Amino acid sequence: MPDLPILLVVVVVIALIFDFTNGAHDSANAIATIVSTKVLSPVVAVVMAGVLNLFGAFLGTSVAHTIGSGIVRPEMVAGSQGLVLAALLGAIFWNLLTWYLGLPSSSSHALIGGLIGAAIAFGGFDAPSYGSIATKVLVPLLLSPLAGFLSGYLLMVLLSWMVVRSSPKRVNYLFKKLQIVSSAFMATSHGLNDAQKTMGIITLALFTFHEIPEMTVPFWVKLSCALAMGLGTASGGWKIVKTMGHKIFKLEPIHGFAAETAAAAVICGASAMGAPISTTHTISTTVIGVGASKRLSAVRWGVAGKLVVAWVLTIPASALVAALCYWLLAATGLAV
C-alpha cells in the first residue's frame with residue numbers, strides 16, 4: 001500500500017465522518033413517515049433504511065462526478081491540500097448546528113457551500129465552476145422542492161380519488177403494507193444521491209493530493225462511503241424524525257406512501273442527471289404537498305417557514321465557515 005500524506009488521511013477520515021453525520025441527519029428522510037404512521041418500529045425502520053442506503057450508494061456515480069469536478073475547477077485547485085478539509089469542516093459545522101436545532105436542512109448544500117467557500121478562499125472568485133453550479137445546483141435547488149410539492153400533491157389527489165369508495169380501515173391496512181415498499185424506495189434513492197456526494201469529495205481530495213491522475217471514483221471510495229452512510233442512517237436522527245413526521249402535517253399511511261413515493265421518484269430522476277439535490281428539501285416539500293391536498297390549513301406553515309429559512313441560509317453559511325476554516329488552516333501552515 002503506498003504511503004499517503006497524513007493530511008490526506010485526515011481529510012478522508014473527516015469526509016467519512018461527514019458521510020456518517022449525513023446519514024444520521026437525513027435518516028428522517030427515509031423513516032420519519034413510516035415511524036410516525038406506526039407502520040414499522042423505529043429500530044426496524046432505521047435498520048432497513050441503513051441497509052438500503054448502503055445498496056443505493058452503489059447504483060451510480062453521476063452525482064459524485066458533479067461534486068468532484070462540477071462545483072470547483074479541478075485544474076485551479078489541484079495541489080490545494082487544505083481546500084477539501086476546510087469544505088468538510090464548514091459542512092459538518094452546519095450539519096451539527098441544524099441537527100442540534102432539529103431543523104431538516106440540506107447536508108448536500110452544506111457540502112456544496114463548503115466547497116464554494118473554501119475554493120474562493122484559496123483561488124479567488126475564479127475557482128468555482130459557476131456554469132455547472134447554476135445548472136447542477138441552483139436550478140435543481142429551485143425545481144426539486146417545487147417538483148416535490150407538486151408530485152406529492154398530485155399523487156395524493158390521485159390516491160384519494162382511487163380509494164374514495166373504500167372504508168378507512170381497508171385503506172389503512174392496504175397502505176400500511178405499501179408504505180414499507182415506498183419507504184424502501186426512499187431509502188435507496190437517498191443512498192443513490194447522498195452517498196455519492198462524499199465519494200465526489202474524497203475523489204477531489206485524492207486528485208488535489210496528486211494520488212489519482214483523473215476524477216474517477218475508486219472502488220474503495222465507493223465502499224467506504226456506502227458503509228459510512230448506511231451506519232449513519234442506522235444510528236437514527238430522532239429530533240429531525242419528530243419534526244418531519246409530526247410537526248409539518250399529521251400523517252396517515254396513505255399520506256406516508258404518497259410522500260415517500262413522490263420524493264423518491266424526484267430524487268432518482270435528479271440522480272440520473274447528476275444533480276446533487278437535497279433529499280431533505282424534497283421529502284419535506286412532498287409532505288407539505290400531501291398535506292395541502294387535504295386542505296391548506298392541515299399544514300403547519302409556521303414550521304414549514306422555518307425549514308425554508310434553514311434552506312436559504314445553508315449554502316452561504318457553510319461557505320463562510322469553510323472560508324474561515326481555510327484561512328485558519330493557511331495561517332497555521334496546514335493548507336497550501
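As a basis for the values below, the full set of heavy atoms in this structure was taken, side chains included, without hydrogen atoms, waters or symmetry mates. Keep in mind it's a predicted model, so treat the numbers as computed, not measured.
Under a 3.5 Å cut-off, the side chain of Thr61 and the backbone N or O of Ala64 do not form any donor-acceptor pair. Judged by distance alone, with hydrogens and angles left aside, the side-chain atoms of Ser318 form no donor-acceptor pair with the main-chain N or O of Ala91 at under 3.5 Å. In this structure, the side chain of Lys136 does not engage the main chain of Ile71 through any donor-acceptor pair within 3.5 Å. Without hydrogens or angle criteria, Ser151 side chain to Gly148 main chain gives a donor-acceptor distance under 3.5 Å. Between the side chain of Ser183 and the main chain of Gln179, no donor-acceptor pair closer than 3.5 Å is present. Between the side chain of Ser293 and the main chain of Val290, a donor-acceptor pair closer than 3.5 Å is present.
Under the 4.5 Å side-chain heavy-atom criterion for ILVMFWY residues, no single connected hydrophobic cluster contains both Leu227 and Phe55. By the rule that hydrophobic residues join a cluster once side-chain heavy atoms approach within less than 4.5 Å of another member, Met199 and Leu8 end up as members of one cluster. Transitive grouping of hydrophobic side chains (ILVMFWY, heavy atoms separated by less than 4.5 Å) brings Leu320 and Ile92 into a common cluster. Clustering ILVMFWY residues whenever any of their side-chain heavy atoms sit less than 4.5 angstrom apart, transitively, puts Val266 in a cluster other than the one holding Leu59.
Between the side chains of Asn193 and Ser271, at least one donor-acceptor pair of N or O atoms lies under 3.5 Å.
Note: Phe58 and Phe219 have tilted aromatic rings, judged against thresholds of 30 and 60 degrees for the angle between ring planes.
Counting all heavy atoms, side chain and backbone alike, Met229 lies closest to Asn53 at CG-OD1, 3.4 Å. Residues Ser69 and Met215 come closest through the heavy atom pair N-CE, 4.0 Å.
In this structure, Trp94 and Thr314 have side chains that are in contact, with non-hydrogen atoms separated by less than 4.5 Å.
More than 12 heavy atoms of other residues, nucleotides or ligands lie within 6.0 Å of OH in Tyr130, so this atom counts as buried by the packing criterion. In this structure, Phe175 places its CZ atom where more than 12 heavy-atom neighbours from other residues, nucleotides or ligands lie under 6.0 Å away.
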